[in-house]
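Atoms within each ligand, like the ligands themselves, are counted from 1 in listed order. Throughout, numbering of the chain's residues begins at 1 and tracks the sequence.
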Amino acid sequence: MKRLFLCLPLLLLLTACAPAEARQQFFAMDTTMTVTLYGKGGADALTAVQQEVFRLDALFSRTKPGSDVSRLNANAGALPQGVEIDQDTGDLLSKAASIGEMTDGALDVTIAPVMDAWGFGAASSFQESEFRVPTQAELDKLLPLVDSGKLHLDGHALGRLAWLDEPGMAVDLGAVAKGYTADKVRDLLLEAGVTSALLDLGGNVTVMGTKADGGPWRVGIKDPAAPASSYCILSLSDQTASTSGGYERNFVENGITYHHIIDPHTGYPAESGLLAVTAVSADGTLADALSTACFVLGVDKALDLWRDQGEAKGFDLVLVGTGGHVWITEGLEPGLDFLGEEAGYTYEIVRR
Ligand code: AMP
Ligand code: MG
């Protein structure tokens, strides 16, 4: 009999936790989000949380006409004095730029023209997309537009003005927006006096504080081959676990599966030998950015990055290889429950 742990909806595994004081589910950023707040003040804070998520969605969306990102993209190459953007959009763009540098360009938010060429980008929802495999000639034309070096932020009042150098360039914050939103929601909750919460923002699970008994939260990580199950459970406190994988969005043409995480150097879906990556950090933006970037980098480069900067920047990784081997960095060892053996997974703890 399979011992694989069947997840609760949205992969939140709550063992012996305190009764939920307040929970709300809503749709934003192209995904279903579930917010669960515990303790005093939770019910009152729910509305504020939802408003904050909608506010950020209205800034970061590629499809909402008045969003900061839509205006930035619409004026690419045309408005050298820059487009007025919100402080939050500026903060996110500048964080994404520095994580882009840290990952040698594996994360690049100017990936949008290539996303569109594959049909993963501009449609207002996933279902409306028209997927296709672009020709190499098309990609060769588009790749010079994928260059964060040509995305500028005003140096004097950081985050107030942004511009893209060339017509046809465009920004897509899909790899980082949910992590940033989780950080903003956490800050808002702390200000409201809520210290215990679970935020599931579609692939990004953020835990605040600990369970009522003082123990860490137990968060199940999706099996990329059977996303209704978990292959492992992590013990987390005050952290975000962000998971990226080719299984999330893809299409099949002539027997080949093409997924939505693109290698900015080739313009093709990253083929780095990974099925999924989970990045864990107290910094939700970093976790979200790194789950995408490490999926592009592959095992060796991702583990090198962790060895070089994991401690200083505060992140850990779970990497699932196409052959079923799982690399888990040592910071996640305490309280780890590996459930994937019977589904054919093997694992090792990676040490510095
Ligand atoms: P995530 O689910 O966080 O891994 O983000 C995937 C989304 O990020 C895709 O749907 C695209 O919108 C965008 N994206 C894909 N590849 C990249 C990349 N290499 N750098 C930045 N954004 C990307
Ligand atoms: Mg991401």
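Proximity of R249 to ligand 1, defined as any heavy-atom pair under 4.0 Å, is not found for any part of the residue. If you look at I111 next to ligand 1, the close heavy atoms, those under 4.0 Å, all belong to the side chain. By the criterion of a heavy-atom distance under 4.0 Å, neither the backbone nor the side chain of K178 is placed next to ligand 1. Residue contacts with ligand 1, taken as heavy atom pairs separated by less than 4.0 Å, involve A106 solely via the backbone atoms N, CA, C and O.
In terms of polar-atom proximity, V109 is not counted as a contact of ligand 1, lacking any N or O under 3.5 Å from an N or O of the ligand. At least one N or O atom of S244, backbone or side chain, sits closer than 3.5 Å to an N or O atom of ligand 1.
Given atom 6 (C) of ligand 1, the protein heavy atom at minimum distance is H260 CE1, 3.6 Å. Scanning all protein heavy atoms for the shortest distance to atom 5 (O) of ligand 1 gives A175 CA, 3.4 Å. Of the protein's non-hydrogen atoms, I262 O, 2.8 Å is the one closest to atom 19 (N) of ligand 1.
Counting atoms of ligand 1 from 1 in the listed order, those under 4.0 Å from a heavy atom of P264 are 19 (N). The ligand atoms of ligand 1 that sit less than 4.0 angstrom from a heavy atom of T292 are 1 (P), 3 (O), 4 (O), 5 (O). Which parts of ligand 1 touch E248 is read off a 4.0 Å heavy-atom cut-off, strictly below it: atoms 2 (O). Close contacts of ligand 1 with L107, meaning ligand atoms under 4.0 Å from a residue heavy atom, involve 20 (N), 21 (C).
Screening N73, N75, D68 for a side-chain hydrogen bond (donor to acceptor under 3.5 Å, both in side chains) involving R71 leaves a single residue, D68.
The angle subtended at the Mg ion (ligand 2) by O of D288 and O of A175 is 90°, given to the nearest 10°.
Between D104 and K301 there is no salt bridge, since none of the side-chain N atoms of the basic residue sits less than 4.0 Å from a carboxylate O of the acidic one. Residues R186 and E191 are not paired through a salt bridge, judged by the lack of any N-O separation under 4.0 Å between the basic side chain and the carboxylate. Salt bridge status for R55 with D88: present, with a side-chain N to carboxylate O gap under 4.0 Å. Salt bridge annotation for R218-D337: present, with a cationic side-chain nitrogen under 4.0 angstrom from a carboxylate oxygen.
The six-membered or imidazole ring of W327 lies away from that of Y345, with a centre-to-centre distance of 6.0 Å or more. F54 and F26 have their aromatic ring centers within a separation under 6.0 angstrom. Not less than 6.0 angstrom separates the ring centroid of Y258 from the ring centroid of F131.
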Q.
Please determine whether side chain to side chain contact (heavy atoms under 4.5 Å, CB included) holds for the pair L201 and T206, giving the CA-CA distance in whole Å, both sets of side-chain angles, and the decisive distance to 0.1 Å.
A. CA-CA 8 Å; L201 310 188; T206 302; 5.7 Å; no

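Taking all heavy atoms of D108, V114, L173 into account, the minimum distance to atom 20 (N) of ligand 1 is reached by D108. Of the candidates D288, V176, D263, D172, the one placing a heavy atom closest to atom 12 (O) of ligand 1 is D172.
For a distance bound of 2.8 Å, the N, O or S atoms of A279 include none lying that close to the Mg ion (ligand 2). Distance check for T292 against the Mg ion (ligand 2): an N/O/S atom falls below 2.8 Å.
Side chains of D108 and S148: a donor-acceptor N/O pair is present below 3.5 angstrom, by distance only.
Note on ring orientation: taking the six-membered ring where Trp is involved, the planes of H259 and F295 are perpendicular (angle over 60°, cut-offs 30° and 60°).
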